[in-house]
Structure formats: C-alpha cells, structure tokens
Amino acid sequence: MSTKESIIGFTSARIRSILSEPSDSAARASLARLRRGIGHTPGELPELWGEFLLGMPEELMGSGTAISREEWAVYTALTLFALHQQGKDRRSEPMHAQNISLGAAANRLIKNESEDRERVARRFYAAATASDMQELAHHLRGLVTLLRAENIPMDYVRLAADLYFFQNPDTVDSIRLRWGEDFCRIRNSNKSEA
C-alpha cells in the first residue's frame with residue numbers, strides 16, 4: 001500500500017468513526033479535543049494523541065525527533081475537520097463531503113463575483129502560497145471558518161493526501177496548481193452557464 005493510500009485509508013476511517021459514533025457526547029468530545037489542536041503542532045498536546053495516532057499505521061508515524069509529513073497531514077486535516085463540524089449536526093450536516101477539493105470549496109464561497117471574489121481569493125492564495133505546514137494550517141483555518149459559516153463542506157480525506165504532497169518540494173507546485181485549477185475551473189463553468 002502506498003503512503004497516499006495509507007493516509008487516505010486512515011483519515012477516512014477516523015472521520016467515518018466520528019460521524020458514525022453512536023454516542024453524541026463521545027463524538028462531541030472527540031471533535032472538541034481535535035479542535036483544541038488547531039494552532040499546535042502534532043504531538044504538542046498529549047490529550048490529542050488518541051484522536052490522531054491511535055490506529056495510525058506504523059509507516060505513517062515519524063521516527064526520531066521529527067514530525068513525519070504523514071502525521072502533519074493527518075493531524076491538520078482532522079483538526080480542521082473538527083473546526084468545520086463545530087455547531088453542525090454530524091449526521092444531518094456532515095462537513096466532510098467526497099470530491100469537493102479545497103479549490104472547489106473555496107470557489108463556492110463566491111456568491112457575488114464583485115463583492116466576494118477578492119476577499120475569498122486573497123485567503124485562498126495565502127493558503128496556497130504558504131511556506132510551511134504551520135503557516136498553511138493558519139491560513140486554512142480562516143478558510144474553513146468561512147466554509148463553516150456558509151455550510152459548504154469539503155473533502156478532508158483528499159485534503160489530508162494533498163497536505164502530505166504539499167510538504168514535498170517535488171510535488172508542492174503540482175498540488176498548488178490542482179487547487180488553483182479546481183478554484184478557476186468551476187469559476188469558468190459558472191460564468192459560461194450565466
């Protein structure tokens with residue numbers, strides 16, 4: 001199994017577990033713990049270890065003192081998902097939705113081209129051009145807050161995979177390009193429908 005497949009499988013299982021948890025209080029507690037991780041690095045808060053490390057395949061875990069790219073990717077995607085899900089019913093309003101990329105979700109924030117485009121694009125571009133995971137997570141937090149306010153879901157499993165490749169100098173530009181294509185492709189198709 002490739003690293004990407006492991007990240008996808010693990011992140012998908014964690015989100016599915018939270019969304020299908022029979023106990024509302026257990027699901028809320030899990031989401032609340034994950035939200036506390038926003039703005040922190042993986043491993044900084046021991047109370048989160050069970051939320052993002054329990055059941056993680058060995059090949060995704062770091063070794064030595066460095067946080068692995070895989071841990072960063074999964075941790076960031078799960079904490080942002082928890083922020084996005086805040087205040088929403090996890091059964092009737094899940095904020096994880098397959099096949100809605102970061103670029104496509106950001107695009108959906110543009111309701112009025114003249115009023116919203118610059119505001120959304122500024123936040124989206126800041127995230128896309130981040131130089132490291134902490135900066136990227138910071139900018140994504142702002143975007144996710146806007147998405148939550150507008151009830152626009154996003155594919156957090158795909159985001160986790162993207163975040164893994166974002167950290168690789170050989171693949172970061174292709175991830176940025178795909179985010180931009182998704183952002184602009186939908187804009188162009190929306191214009192042609194008008």
Side-chain angles (χ1 to χ4, degrees), residues 1-22 26-63 66-86 88 90-91 93-106 127-128 130 132-134 136-141 143-145 147-148 152-168 171-172 174-176 178-179 182:
M1 183 181 292
S2 73
T3 301
K4 179 182 176 182
E5 290 169 333
S6 292
I7 289 170
I8 287 171
F10 179 71
T11 307
S12 178
R14 287 297 303 131
I15 290 173
R16 194 170 44 253
S17 172
I18 292 168
L19 292 176
S20 65
E21 167 62 47
R28 280 194 303 272
S30 183
L31 289 166
R33 280 190 296 275
L34 284 167
R35 278 193 302 276
R36 280 195 291 277
I38 293 175
H40 297 277
T41 60
E44 187 177 341
L45 302 176
E47 65 267 24
L48 267 68
W49 294 346
E51 297 299 333
F52 83 100
L53 290 174
L54 193 61
M56 181 180 275
E58 187 70 30
E59 67 267 17
L60 300 183
M61 292 187 176
S63 59
I67 300 167
S68 74
R69 291 177 181 168
E70 297 88 342
E71 288 168 327
W72 262 115
V74 169
Y75 177 86
T76 303
L78 290 176
T79 56
L80 290 171
F81 164 70
L83 174 65
H84 202 163
Q85 194 62 51
Q86 185 177 24
K88 311 284 183 197
R90 64 193 167 93
R91 290 189 178 100
E93 293 180 287
M95 291 293 107
H96 165 69
Q98 287 185 318
N99 301 319
I100 302 175
S101 70
L102 175 63
D132 61 37
M133 281 302 292
Q134 288 180 304
L136 176 59
H138 171 76
H139 291 300
L140 289 177
R141 179 183 189 175
L143 270 174
V144 167
T145 301
L147 293 170
R148 183 183 65 201
I152 299 169
M154 183 169 63
D155 189 335
Y156 282 91
V157 172
R158 181 174 176 177
L159 180 65
D162 286 353
L163 294 175
Y164 169 71
F165 290 110
F166 187 90
Q167 297 171 78
N168 183 333
T171 54
V172 63
S174 64
I175 291 299
R176 287 176 172 147
R178 198 175 83 231
W179 287 348
D182 290 345

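Small disclaimer: the values here were computed from a predicted structure and weren't measured.
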Is there a donor-acceptor pair under 3.5 Å between the side chain of [X] and the backbone N or O of [Y]?
| X | Y | answer |
| --- | --- | --- |
| His96 | Gln85 | no |
| Thr76 | Ala137 | no |
| Glu21 | Ala26 | no |

Rounded distance (nearest 0.5 Å) linking atom [atom1] of [X] with atom [atom2] of [Y]:
| X | Y | atom1 | atom2 | answer |
| --- | --- | --- | --- | --- |
| Leu102 | Leu143 | CG | CG | 6.5 Å |
| Ile15 | Phe10 | CD1 | CZ | 10.5 Å |
| Gln134 | His40 | CD | NE2 | 11.0 Å |
| Leu83 | Leu78 | CG | CG | 12.5 Å |
| Leu54 | Leu48 | CG | CG | 12.5 Å |
| Phe166 | Arg178 | CZ | CZ | 12.5 Å |

Does Tyr164 have any ring-ring contact (aromatic ring centres under 6.0 Å, His included) partners at least two apart in sequence or in another chain, and if so, which?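 ring-ring contact (aromatic ring centres under 6.0 Å, His included) check on Tyr164 returns nothing, list empty.
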So with a 6.0 Å cut-off around [atom1] of [X], is the heavy-atom count from everything else above 12?
| X | atom1 | value |
| --- | --- | --- |
| Glu93 | CD | yes |
| Glu47 | CD | yes |
| His138 | NE2 | no |

Do you know the tightest heavy-atom contact between [X] and [Y]?
| X | Y | value |
| --- | --- | --- |
| Leu45 | Gly37 | CD1-CA, 4.0 Å |
| Leu60 | Ser68 | O-OG, 2.8 Å |
| Leu140 | Leu163 | CD1-CD2, 4.0 Å |
| Glu71 | Ala66 | OE1-O, 4.5 Å |
| Ala161 | Lys4 | CB-CG, 4.2 Å |
| Leu19 | Arg91 | O-CG, 4.3 Å |

Who passes salt bridge (charged side-chain N to carboxylate O under 4.0 Å, His left out) against [X], sequence neighbours left out?
| X | result |
| --- | --- |
| Arg16 | none |
| Arg36 | none |
| Glu51 | Arg14, Arg33 |
| Arg35 | none |

side-chain contact (heavy atoms from CB on, under 4.5 Å) partners of Ser101, counting only residues at least two apart: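 In terms of side-chain contact (heavy atoms from CB on, under 4.5 Å), with neighbours along the sequence ignored, Ser101 is linked to Ala104, Arg158, Asp182.
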Between Phe81 and Leu31, is any pair of side-chain heavy atoms under 4.5 Å apart?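 They are in contact (side-chain heavy atoms under 4.5 Å apart), so the answer is yes.
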Do Ser6 and Glu59 pair up side chain to side chain, a donor and an acceptor below 3.5 Å, judged on atom types alone?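 There is such a pair between these side chains.
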Step-by-step side chain to side chain donor-acceptor pair (under 3.5 Å) determination, Arg148 to Gln86: CA-CA 8 Å; Arg148 183 183 65 201; Gln86 185 177 24; 2.9 Å; yes
If the plane angle is over 60° it's perpendicular, under 30° parallel, otherwise tilted; pick one for Phe52 and Tyr75.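 The rings of Phe52 and Tyr75 stand perpendicular, inter-plane angle above 60°.
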